[in-house]
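The structure appears below as structure tokens.
Only this structure's heavy atoms are used, side chains among them; waters, hydrogens and symmetry mates stay out. Each chain gets a letter, A, B and so on, in the order its sequence line appears, and its residues count up from 1.
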Amino acid sequence: SQTIHQWPATLVQPVGSPLSLECTVEGTSNPNLYWYRQAAGRGLQLLFYSVGIGQISSEVPQNLSASRPQDRQFILSSKKLLLSDSGFYLCAWSPSLPEQYFGPGTRLTVT
Amino acid sequence: AQSVTQLDSQVPVFEEAPVELRCNYSSSVSVYLFWYVQYPNQGLQLLLKYLSGSTLVKGINGFEAEFNKSQTSFHLRKPSVHISDTAEYFCAVSPRGYGNKLVFGAGTILRVKS
């Protein structure tokens, strides 16, 4: 069966510091991968998605970037965090079918 | 473009009572439809999906939803809720033929009271 991992689970970072969140999927190959942000009291905003290694599409302009160095690894990064980057970050994967399966999430607090 | 409207931000209900969480969508193309549930500080779990076929779909934990194409709705129902159903529920659509992107509603918090 397939499993999706995210780490760290929680993170507290000062404004201006760098960020690296990692997501990995097990038990499948060539999945579509997604990064979402969920701000407090709001729905999910799609940040990035990837259909293959090195292929990244950005949905909204922002302070973040994404990379896919391996087939089942998706990384979310920032060079300098802003207060507005705080939120709950969710990684998801999708097989050939349209539904997506979500990881446990990373709670990021920028102070 | 697609949009999803969840008509209630919060729904309080007593334990063992029935519940309906409402979802309407707008799209210029046909869509797939989903309901997800999120417990506090956790990721989203797929409750059920409508891809094609019967418009009444059954999911996990006793939930079901009915796709109504003419009203562009996909309401979620459960005949008898439990305290453990307290969570936030998200309706989502994915346009057919446009990859696997999901567009989410803002969510409905279901509060089950004893």
Side-chain angles (χ1 to χ4, degrees), chain A residues 1-11 21 23-25 28 30-52 55-60 74 86-109, chain B residues 1-10 21 23-25 27 29-53 57 59-60 65 67 74 87-109 111:
Chain A
S1 64
Q2 299 82 17
T3 309
I4 180 168
H5 303 279
Q6 286 186 245
W7 62 88
T10 60
L11 191 60
L21 304 182
C23 170
T24 58
V25 182
T28 187
N30 197 31
N32 290 348
L33 295 171
Y34 308 83
W35 278 112
Y36 291 87
R37 178 169 58 205
Q38 187 176 28
R42 301 175 66 178
L44 282 83
Q45 179 186 35
L46 178 62
L47 302 176
F48 302 94
Y49 70 94
S50 171
V51 298
Q55 300 178 62
I56 309 294
S57 296
S58 174
E59 288 295 295
V60 291
F74 204 24
S86 293
F88 193 48
Y89 288 83
L90 289 159
C91 180
W93 74 277
S94 178
S96 57
L97 296 172
E99 64 260 37
Q100 294 178 18
Y101 299 94
F102 286 79
T106 295
R107 174 76 59 191
L108 172 65
T109 303
Chain B
Q2 292 72 40
S3 67
V4 179
T5 302
Q6 293 185 239
L7 295 150
D8 306 292
S9 59
Q10 294 198 35
L21 305 185
C23 172
N24 287 93
Y25 70 91
S27 176
V29 300
S30 296
V31 296
Y32 303 112
L33 296 148
F34 307 89
W35 275 100
Y36 285 85
V37 60
Q38 185 180 33
Y39 300 100
N41 293 311
Q42 294 186 26
L44 276 69
Q45 181 182 9
L46 181 64
L47 266 182
L48 49 78
K49 60 188 177 186
Y50 172 77
L51 303 182
S52 65
V57 293
I60 62 172
F67 170 50
F74 191 53
E88 189 160 18
Y89 293 79
F90 292 93
C91 181
V93 302
S94 177
R96 293 173 186 259
Y98 287 84
N100 292 2
K101 290 188 191 180
L102 286 176
V103 176
F104 284 88
T108 297
I109 296 174
R111 299 190 190 280

Checklist outcome for this item: Okay, A:Gln38 and chain B: the region with an atom under 4.5 Å from a heavy atom over there is side chain

Item to check | Portion of A:Gln6 that has a non-hydrogen atom of chain B nearer than 4.5 angstrom | outcome: neither

Next on the checklist: With side-chain contact (heavy atoms from CB on, under 4.5 Å) as the criterion, how do B:Phe34 and A:Gln100 come out once you've worked through the C-alpha distance, each side chain's angles and the decisive distance to 0.1 Å?
Outcome noted: CA-CA 10 Å; B:Phe34 307 89; A:Gln100 294 178 18; over 6 Å; no

Checklist entry - At a heavy-atom separation under 4.5 Å, does B:Leu51 approach chain A through its side chain, its backbone, both, or neither? => result side chain

Checklist entry - Which bit of B:Gln38 comes within less than 4.5 Å of chain A, counting heavy atoms only: side chain, backbone, both or neither? => result side chain

Checklist entry - Out of A:Tyr34, A:Tyr36, A:Tyr49, which residue meets the side chain to side chain contact (heavy atoms under 4.5 Å, CB included) rule with B:Leu102? => result A:Tyr36

Checklist outcome for this item: Assert top hit (heavy-atom pairs under 4.5 Å, partner chain B, pool A:Ala9, A:Gly105, A:Ser94, A:Cys91) equals A:Ser94

